[in-house]
2 protein chains.
Amino acid sequence: MTLDPHADRPLFRQLADVIRNDIKSGRLAPGVKLRSLHQLAAEHEVGVATVEEALAVLRAEGLIRTQKGRGSFVVEPVDQVEVEINGEAWVSARMPDPAEARELGIPATGVPVLIVEEGDDVRLLAADGHKVHFRPGQK
Amino acid sequence: MTLDPHADRPLFRQLADVIRNDIKSGRLAPGVKLRSLHQLAAEHEVGVATVEEALAVLRAEGLIRTQKGRGSFVVEPVDQVEVEINGEAWVSARMPDPAEARELGIPATGVPVLIVEEGDDVRLLAADGHKVHFRPGQK
DNA sequence: TAAAATTTGTGCGTATGTATT
DNA sequence: AAATACATACGCACAAATTTT
């Protein structure tokens, strides 16, 4: 599975595709540390900057998280809190701004927020840890 | 409002902050075209690559969209379709992978997807055009 | 129609800084 | 202290899409 500099798809997207496949297929399990930027660059014969871009793609998709000085890790599933709704409500989602991400303790990219509106009550929830359950008539 | 190379916050984030403020305050209205990479680089005395990174931040937040050869534009609000739910259902959100984004006709970054599960029925919806309405007892 | 200019995209190399091991 | 690893920033070159001349 070699990268092709002449292909239509950019190198950094091709590399992101390869790693995404490894994650979705389970070859890279949750919690596992990816190889370093330099290792990946050498193995795939691309520049370090190209690898960085590929990892940025995967961070934006919420598949990995990166810690400076440590490395990049496949995201582990978070325990999901079920948010119970009985009455009328609206639910939407969007990306957080940096202040919201900081407040919710989520990465700058990769994790959307759920907005739950019940009357005047509006809740902002990190989407990676919450699931809204609509349960009519069980007050 | 000059950028500070010695500040704790990286230059590209400082620049993203400046532009985000302009958008949220309305100084940059929906639909408006941003200045070009080179213009922004010259005005703020940073490299073009730094501007690109700043715009990538704003794309990931869903605030702007960029078209090659045209420029970057402040996102215009989309008409929201209300998805009506009467019975039991679960709603969650996450970032799409590239295939899903393409199918839904949304950018690679910036727009989460809403997942609505009603029994065996599972719907994937672009979050920028849908709002889920829980309306119990109105079959 | 054609050419040129504009604008963003991709890729690399390099240097420096910061955090972790 | 030293090595490793990621983050930031810049410059350059070329490609690709669009707009203007």
Side-chain angles (χ1 to χ4, degrees), chain A residues 2-19 28 31-61 63-75 98 101-102 107-110, chain B residues 2-19 28 31-61 63-75 98 101-102 107-110:
Chain A
T2 314
L3 308 188
D4 174 14
H6 302 301
D8 236 38
R9 198 163 177 71
L11 279 178
F12 74 90
R13 290 197 191 282
Q14 291 181 50
L15 178 52
D17 291 343
V18 168
I19 301 174
L28 283 175
V32 163
K33 182 178 178 302
L34 301 192
R35 287 173 295 251
S36 78
L37 294 181
H38 280 87
Q39 281 179 317
L40 289 169
E43 287 169 20
H44 297 278
E45 301 181 294
V46 296
V48 175
T50 301
V51 178
E52 242 297 317
E53 265 189 291
L55 298 193
V57 168
L58 300 174
R59 279 193 291 269
E61 291 173 19
L63 293 178
I64 66 171
R65 291 195 191 184
T66 301
Q67 290 172 267
K68 185 191 286 194
R70 292 232 306 146
S72 294
F73 302 82
V74 180
V75 164
R102 195 175 51 248
T109 63
Chain B
T2 315
L3 307 189
D4 174 13
H6 302 300
D8 236 35
R9 199 164 178 69
L11 280 177
F12 74 89
R13 289 196 193 283
Q14 292 182 50
L15 179 52
D17 291 344
V18 168
I19 301 174
L28 283 175
V32 163
K33 182 178 178 300
L34 302 192
R35 284 170 297 239
S36 78
L37 295 182
H38 279 89
Q39 283 180 317
L40 289 170
E43 287 169 19
H44 295 279
E45 300 181 296
V46 296
V48 175
T50 301
V51 177
E52 243 296 320
E53 264 190 291
L55 298 193
V57 168
L58 300 174
R59 279 193 293 269
E61 292 174 16
L63 293 178
I64 66 171
R65 292 196 191 184
T66 300
Q67 290 172 266
K68 184 193 284 194
R70 292 232 310 146
S72 294
F73 301 82
V74 180
V75 164
R102 195 176 50 247
T109 65

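Each chain gets a letter, A, B and so on, in the order the sequences are listed, and its residues count up from 1.
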Could you tell me the separation between the [atom1] atom of [X] and the [atom2] atom of [N], rounded to a whole number of Å?
X: A:F12; N: D:dA15; atom1: CZ; atom2: P; value: 18 Å
X: A:D8; N: D:dA15; atom1: CG; atom2: C1'; value: 12 Å
X: B:Q14; N: D:dA7; atom1: CD; atom2: P; value: 18 Å
X: A:R35; N: D:dA5; atom1: CZ; atom2: P; value: 13 Å
X: B:F73; N: D:dA17; atom1: CZ; atom2: P; value: 17 Å
X: A:H38; N: C:dT14; atom1: NE2; atom2: P; value: 11 Å
X: A:H6; N: D:dA15; atom1: NE2; atom2: C1'; value: 13 Å
X: A:R13; N: C:dG9; atom1: CZ; atom2: C1'; value: 10 Å

Select base, sugar-phosphate, or nothing to describe what [X] touches, counting heavy atoms under 4.0 Å on all strands.
X: A:V46; result: sugar-phosphate
X: A:E53; result: nothing
X: A:G47; result: sugar-phosphate

So, the side chain of B:E61 versus the backbone of B:G110: is there a donor-acceptor pair under 3.5 Å, distance only?
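No; zero donor-acceptor contacts below 3.5 Å.
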
Quick one: does any side-chain atom of A:E53 pair with a main-chain N or O of A:T50 as donor and acceptor, under 3.5 Å?
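Checking the backbone N and O of A:T50 against the side chain of A:E53, no donor-acceptor pair under 3.5 Å is found.
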
[options]: which one has an atom nearest the side-chain heavy atoms of [X]?
X: A:K68; options: C:dT7, C:dT10, C:dA19; value: C:dA19
X: A:R59; options: D:dA7, C:dT8, C:dT10; value: D:dA7
X: A:S36; options: D:dA9, D:dC6, C:dT8; value: D:dC6
X: B:T50; options: D:dA9, C:dC12, C:dG9; value: D:dA9
X: A:T66; options: D:dC6, D:dA9, D:dT18; value: D:dC6
X: B:P10; options: C:dG9, D:dT8, C:dG11; value: D:dT8
X: A:R70; options: D:dC6, C:dT21, D:dT19; value: C:dT21
X: A:A49; options: C:dC12, C:dT10, D:dA9; value: C:dC12

Any heavy-atom pair between the side chains of [Y] and [X] that's under 4.5 Å?
X: A:F73; Y: A:R65; answer: no
X: B:E52; Y: B:F12; answer: no
X: A:L55; Y: A:V57; answer: no
X: A:V75; Y: A:L63; answer: no

Residue whose closest nucleotide on DNA chain C lies nearer the 5' end, A:G69 versus A:R9:
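Nearest nucleotide further toward 5': that of A:R9.
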
Any-strand Watson-Crick or G-U partner of C:dT7, both distances under 3.5 Å:
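Across any shown strand, C:dT7 pairs with D:dA16.
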
